[in-house]
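Scroll down for the structure; my scribbles are underneath it.
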Amino acid sequence: MARAVGVRGRVARYGRWRRGALLAFAAWTAGWVLAAALLLRAHPSVLSERCTDEKSRRILAALCRDYRGGWLTGALCEDLCVAGELLYQRCLYYERGKKVLQAQWRGQTVVLKSKREAFSSFPPLNLLEEEAGPGAPIPEAELLLMVAGEVKNTLGLELPNNSIAPLWPARQGPGWRQELASAWSLLQQEEYVYFSLLPDLSRHILPVLGSCGHFYAVEYLAAGSPHHKALFPLDDAGQAQAISHIALSFLDMVSHFDSDFSHRLHLCDVKPENFAIKRDFTVVAIDVDMAFFEPKMREILEQNCTGDEDCNFFDCFSKCDLRVNKCGARRVNSNLQVICDKIFQHWFSSSHRSPAISPQLQLQLQQAVQECAHHGDPSGNSWTASSSVFWKLRWLLQATLKELQEVEK
């Protein structure tokens with residue numbers, strides 16, 4: 001009983017400390033969130049740095065030094081730092097501190113990611129170490145509560161213990177402290193949490209293949225780019241059919257993200273580079289740093305304002321209530337609306353016509369995409385409008401595929 005009381009007491013102290021820290025941080029940052037978003041939207045490279053092989057190799061060399069020094073661990077560390085089975089290939093990009101590298105792992109091309117460059121730049125898990133004493137075992141109940149608290153802070157969701165178990169080392173034993181420190185650094189990366197918890201629920205999310213310290217690996221897929229004529233690397237032969245398949249997969253992803261989780265998942269940075277396609281044309285979200293579940297989305301949007309333009313957080317928009325100079329907590333545009341605007345309009349416009357599709361069907365599809373990108377109800381809520389246009393787009397894309405397949409026969 002005394003032990004249980006002690007655990008609860010430490011957890012309560014941690015909870016009070018964390019709530020106080022979060023409230024202080026929130027008060028300091030609230031006024032800067034939208035200003036920073038607008039700056040980054042206008043100048044996306046403002047916090048980016050030059051992506052070089054030399055620096056990327058130095059980053060991985062430092063990771064391996066920390067591994068050999070006993071500071072961190074992970075299932076991929078031995079292959080990266082000792083066996084030479086995980087080999088660096090090239091730097092993909094650096095953006096706002098995030099490092100994204102391409103590597104070869106046992107015959108498979110993978111992507112190594114971390115929100116920050118150095119392991120030491122992540123706040124350490126030292127509060128409970130001080131409470132328990134150096135080398136003393138940390139009660140599992142405390143750890144699970146801390147993990148749940150961190151997940152709630154990251155995702156805005158409260159999850160049961162069995163859902164968060166994959167994020168945390170299960171048993172205390174040799175090397176467990178390094179596992180603990182490594183898991184804590186990963187837990188502070190929103191994208192890692194998404195990729196660890198959501199792939200079982202949606203095929204449109206990448207699963208984590210493994211990690212070493214604060215770096216984690218995912219499958220390398222053909223990413224989109226505005227430099228590609230069709231936004232994704234597609235062969236000219238059969239391109240119209242491929243685009244129809246990909247568009248249908250985007251619609252499927254929208255449906256999954258709207259209804260398959262306990263809360264709607266909002267995509268606030270929709271651009272070709274943040275998605276990739278598998279061989280069967282399934283669309284996968286490969287960068288979800290700007291994806292938020294409904295509770296977190298409401299928290300982000302509800303800021304001070306003097307006009308609607310102050311309530312635009314990247315691709316997620318709200319409206320300003322001028323009576324109280326406050327942005328509404330409810331998002332007024334939708335994932336589908338932004339995808340129609342930024343992806344579908346590129347494919348289905350008067351300048352992109354296929355002779356294999358009837359002019360009437362192409363015109364209907366073009367008009368439906370325009371309606372999707374720009375339509376909303378008078379209150380500014382596009383979710384109701386999105387539902388009807390969703391089914392219209394789905395029917396038209398399926399009809400397009402049918403026509404294209406008939407031509408092939």
Side-chain angles (χ1 to χ4, degrees), residues 47-106 108-130 132-138 143 146-147 150-151 154 166-196 208-218 220 289:
L47 293 181
S48 299
E49 55 184 304
R50 191 161 168 249
C51 187
T52 68
D53 287 334
E54 181 185 0
K55 180 163 186 179
S56 300
R57 292 182 189 279
R58 284 205 309 267
I59 290 169
L60 294 182
L63 179 68
C64 287
R65 280 197 302 273
D66 285 343
Y67 169 62
R68 287 189 288 268
W71 294 103
L72 57 83
T73 190
L76 298 181
C77 289
E78 194 72 11
D79 281 354
L80 175 66
C81 304
V82 180
E85 296 281 358
L86 179 56
L87 299 172
Y88 170 82
Q89 288 187 313
R90 65 188 178 110
C91 181
L92 293 176
Y93 64 88
Y94 301 158
E95 187 174 26
R96 300 194 290 273
K98 185 178 183 179
K99 304 295 183 283
V100 183
L101 318 174
Q102 182 178 315
Q104 194 73 12
W105 181 46
R106 301 187 178 187
Q108 179 183 7
T109 304
V110 299
V111 178
L112 296 174
K113 293 185 167 192
S114 178
K115 187 176 179 179
R116 299 179 186 175
E117 178 177 325
F119 183 70
S120 59
S121 65
F122 289 91
L125 179 62
N126 55 17
L127 181 72
L128 289 179
E129 295 261 0
E130 293 168 2
I138 302 172
L143 289 174
M146 288 183 66
V147 173
E150 194 66 27
V151 169
T154 300
L167 297 171
W168 210 243
R171 297 177 182 174
Q172 303 190 33
W176 190 76
R177 295 277 162 162
Q178 292 92 327
E179 291 180 17
L180 196 65
S182 300
W184 188 246
S185 71
L186 292 168
L187 197 60
Q188 294 172 65
Q189 302 183 57
E190 295 88 345
E191 186 175 80
Y192 172 81
V193 177
Y194 280 119
F195 286 169
S196 296
V208 172
L209 301 175
S211 63
C212 178
H214 57 301
F215 271 86
Y216 56 96
V218 294
Y220 175 86
D289 285 330

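No experiment lies behind these values; they were computed from the predicted model shown.
A distance of 11.0 Å separates NZ in K113 from CG in L101, rounded to the nearest 0.5 Å. Here the CZ-OG distance, from F215 to S114, works out to 4.5 Å after rounding to the nearest 0.5 Å. Atoms CZ and OG, from R90 and S56 in turn, are 11.0 Å apart once rounded to the nearest 0.5 Å.
Geometrically, R116 engages F122 in a cation-pi contact defined by less than 6.0 Å to the ring centre and at most 45° from the axis.
A heavy-atom distance below 4.5 Å is not found between the side chains of D289 and E95. Proximity of C212 to L72: side-chain heavy atoms (C-beta onward) are separated by under 4.5 Å at one or more points. Annotation: side chain of E49 is in contact with side chain of K55 (closest heavy-atom distance under 4.5 Å). V110 has its side chain within reach of L86: a pair of non-hydrogen atoms, C-beta onward, lies under 4.5 Å apart. The shortest distance between side-chain heavy atoms of Y67 and V82 falls below 4.5 Å. The side-chain heavy atoms of E150 and L167, taken from C-beta on, include no pair separated by under 4.5 Å.
Side-chain N or O atoms of S185 include one that pairs as donor or acceptor with a backbone N or O of S182 at under 3.5 Å. Checked by atom type and distance alone, the side chain of H214 pairs as donor or acceptor with a backbone atom of E117 at under 3.5 Å.
In this model, no donor atom of one side chain and acceptor atom of the other lie less than 3.5 Å apart for Y94 and T52. Between the side chains of Y216 and E191, at least one donor N or O sits under 3.5 Å from an acceptor N or O.
For the side chain to side chain contact (heavy atoms under 4.5 Å, CB included) with Y220, the lone residue among Q102, Q104, Q108 that qualifies is Q102. Among R58, R57, R50, the single residue meeting the salt bridge (charged side-chain N to carboxylate O under 4.0 Å, His left out) criterion with E54 is R58.
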Could you walk me through whether Q189 and K98 pass side-chain contact (heavy atoms from CB on, under 4.5 Å), step by step?
CA-CA 10 Å; Q189 302 183 57; K98 185 178 183 179; over 6 Å; no
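In plain terms, the two heavy atoms of Y192 and L186 that are nearest each other are CD2-O, 3.4 Å. Considering all non-hydrogen atoms of both residues, C91 and D53 come closest at N-OD1, 3.4 Å. Across G210 and L76, no two heavy atoms sit closer than the pair C-CD1, 3.4 Å. Here the shortest heavy-atom pairing between L209 and V218 reads CD1-C, 3.7 Å. When all heavy atoms are compared, the tightest approach of T73 to Q178 is CG2-C, 3.7 Å.
Not counting sequence neighbours, the partners of D79 by the salt bridge (Lys or Arg N to Asp or Glu O under 4.0 Å) test are R106.
Checked against the 2.5 Å cut-off, the SG-SG distance between C64 and C81 falls under it.
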